[in-house]
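Accompanying notes for the structure given below.
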Amino acid sequence: MHVEQLTCSIGAEISGVDLGDAARDEGLFAEIRQLLLKHKVLFLRDQDITRAEHVAFARRFGELEDHPVAGSDPEHPGLVRIYKSPDQPNDRYENAWHTDATWREAPPMGCVLRCVECPPVGGDTMWTNMALAYEMLPADIKARIADLRARHSIEASFGAAMPIEKRLALKATYPDAEHPVVRTHPETGEKVLFVNAFTTHFTNYHTPANVRFGQDANPGASDLLRYLISQAYIPEFQVRWRWKKNSVAIWDNRSTQHYAVMDYPPCLRQMERAGIIGDKPF
């Protein structure tokens with residue numbers, strides 16, 4: 001196995017490994033897991049594996065989850081199909097920095113994404129290191145956000161463009177979740193800035209230390225939240241991956257955000273993703 005670090009901040013490409021073998025080899029899988037904790041996102045080329053092998057490898061990390069909006073492969077529950085074609089409208093939520101499914105009480109711990117088909121140019125995906133984003137914050141900002149909590153919503157994101165009945169039904173099934181603004185990575189102990197495109201507002205900002213009178217809550221909290229969310233946009237924290245058929249990305253959803261670049265219409269792009277059930281952030 002050969003490992004090539006891709007940036008100073010995040011990402012490494014692995015070669016000489018077949019993920020079908022890693023699904024069956026406990027020692028090989030353990031090596032990959034340690035590399036994931038170190039680099040936060042791993043990339044592999046030429047992974048001509050079956051859907052069953054894809055699912056088996058991802059299940060090494062834990063049980064898989066379905067997505068309430070994106071459909072799964074009927075023969076492989078948990079393998080979400082992200083298929084784009086000229087016949088379908090552009091996904092208006094694709095090109096936004098986000099951490100997957102933080103609207104869940106227990107967001108995914110990670111994902112394994114394989115490219116089935118992609119355009120010759122375009123359709124890259126970027127990832128950003130949110131542990132480094134937290135580390136680089138000014139000391140006074142770290143002090144201000146140390147105990148803050150925030151609301152995350154599927155209704156305000158995936159549900160926003162739905163008819164009202166469907167949107168309210170989605171919210172009833174998946175109520176808004178509340179998470180710490182700074183979470184602790186359960187395996188590495190790193191502090192991670194944990195707000196993204198699914199975050200709507202702080203839930204405990206309105207204290208005498210932050211708010212002199214009622215109207216302070218709105219600009220003060222929203223300006224701070226926008227500032228924190230914008231940390232994902234800093235190029236020095238990022239890596240960008242150009243897809244080819246049978247390329248795979250494995251990422252730690254607890255310490256990263258990602259952005260699927262929507263610059264390829266009207267070309268075809270088909271991806272299959274296995275999301276691994278995670279723990280409640282703390």
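Since the model is a prediction, treat every value here as computed from it, not as a measurement. When a residue number appears, it is its place in the shown sequence, counting from 1.
When all heavy atoms of G275 and C111 are compared, the pair lying nearest together is CA-SG, 3.9 Å. Taking each heavy atom of E190 and A131 in turn, the nearest pair found is OE2-CB, 3.8 Å. Residues R242 and V121 approach most closely at NH2-CG2, 3.5 Å, considering heavy atoms. The nearest pair of heavy atoms linking A96 to A197 is CB-CB, 4.3 Å. Scanning all heavy atoms of the two residues, the minimum distance from R269 to P119 falls at CB-CD, 4.1 Å. The heavy-atom pair separating P77 from D66 by the smallest distance is C-OD1, 3.8 Å.
Residues V182 and L225 share a single hydrophobic cluster, defined by chaining ILVMFWY side chains whose heavy atoms lie under 4.5 Å apart. No continuous path of hydrophobic side-chain contacts links M136 to M126 [ILVMFWY only; heavy atoms under 4.5 Å]. Cluster annotation: I277 is not connected to Y174 through the hydrophobic network of ILVMFWY side chains, with a link wherever side-chain heavy atoms come within less than 4.5 Å. One hydrophobic cluster, built from ILVMFWY side chains closer than 4.5 Å, cannot hold both L113 and Y83; they sit in different ones.
A distance of 8.5 Å separates CZ of F237 from CD of E135, quoted to the nearest 0.5 Å. Atom CZ of R183 is separated from atom NZ of K191 by 11.0 Å, given to the nearest 0.5 angstrom. With values rounded to the nearest 0.5 angstrom, R144 atom CZ is found 10.0 Å from Y227 atom OH.
Sorted by first and then second residue, the side-chain hydrogen bond (donor to acceptor under 3.5 Å, both in side chains) pairs involving residues 6-18 (not counting sequence neighbours) form an empty list. Here side-chain hydrogen bond (donor to acceptor under 3.5 Å, both in side chains) pairs that include residues 103-113, with residues two or more places apart or in two chains, are E65-R104, E105-K280.
Side-chain contact check for I234 versus Q231: some heavy-atom pair is nearer than 4.5 Å. Side chains of T125 and Y259 form no contact here, defined as non-hydrogen atoms less than 4.5 Å apart. With contacts defined as side-chain heavy-atom distances shorter than 4.5 Å, the pair V41/V239 qualifies. By the 4.5 Å heavy-atom criterion applied to side chains, T203 and R149 are counted as neighbours. Looking at heavy atoms from C-beta onward, W97 lies out of side-chain contact with N196 at the 4.5 angstrom threshold. Considering only heavy atoms from C-beta on, N204 stays 4.5 Å or farther from H206 through its side chain.
A side-chain donor-acceptor contact under 3.5 Å links Q257 to the backbone of V195.
Crowding of D147 atom CG: a count of heavy atoms from other residues, nucleotides or ligands under 6.0 Å not exceeding 12. The number of heavy-atom neighbours closer than 6.0 Å to NZ of K142, taken from other residues, nucleotides and ligands shown, is above 12.
Shown here are the ring-ring contact (aromatic ring centres under 6.0 Å, His included) partners of H179, two or more places apart in sequence or in another chain: H152, F194. Residues satisfying the salt bridge (charged side-chain N to carboxylate O under 4.0 Å, His left out) test with D48, not counting sequence neighbours, are none.
With no hydrogens or angles considered, a side-chain donor-acceptor pair links H98 and D100 at under 3.5 Å. Side chain to side chain, R151 and T200 fail the donor-acceptor criterion of an N or O pair below 3.5 Å. Side-chain contact, N246 with R114: a donor N or O sits under 3.5 Å from an acceptor N or O.
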### Message
Please determine whether side-chain hydrogen bond (donor to acceptor under 3.5 Å, both in side chains) holds for the pair T99 and N253, giving the CA-CA distance in whole Å, both sets of side-chain angles, and the decisive distance to 0.1 Å.
### Response
CA-CA 6 Å; T99 299; N253 199 57; 5.1 Å; no

#### Entry: Candidate pair E187 and R33, rule salt bridge (charged side-chain N to carboxylate O under 4.0 Å, His left out), full reasoning
CA-CA 11 Å; E187 295 186 74; R33 186 179 186 116; 3.0 Å; yes

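Using a 4.0 Å cut-off between a side-chain N of Lys or Arg and a carboxylate O of Asp or Glu, R167 and E155 qualify as a salt bridge. Ion pair R51/E75 not flagged as a salt bridge, since none of the NZ, NE, NH1 or NH2 atoms sits closer than 4.0 Å to an Asp/Glu carboxylate oxygen. Taking 4.0 Å as the cut-off between side-chain N and carboxylate O, D252 and K40 do not count as a salt-bridged pair.
In summary, the aromatic rings of H185 and Y134 are positioned with their centroids too far apart to meet the 6.0 Å limit. In summary, the aromatic rings of W127 and F43 are positioned with their centroids under 6.0 Å apart.
At least one test fails for R273 against the ring of W251: distance under 6.0 Å to the centre or angle within 45° of the axis.
Grouped by direct or indirect side-chain proximity (heavy atoms under 4.5 Å, Ile/Leu/Val/Met/Phe/Trp/Tyr only), V116 sits alone. Cluster note: L35 groups with M1, V3, I14, V17, L19, L28, F29, I32, L36, L42, L44, I49, V55, F57, F61, L64, L79, M109, V112, V248, I250, I276 through ILVMFWY side-chain heavy atoms spaced under 4.5 Å, whether in direct contact or through intervening members.
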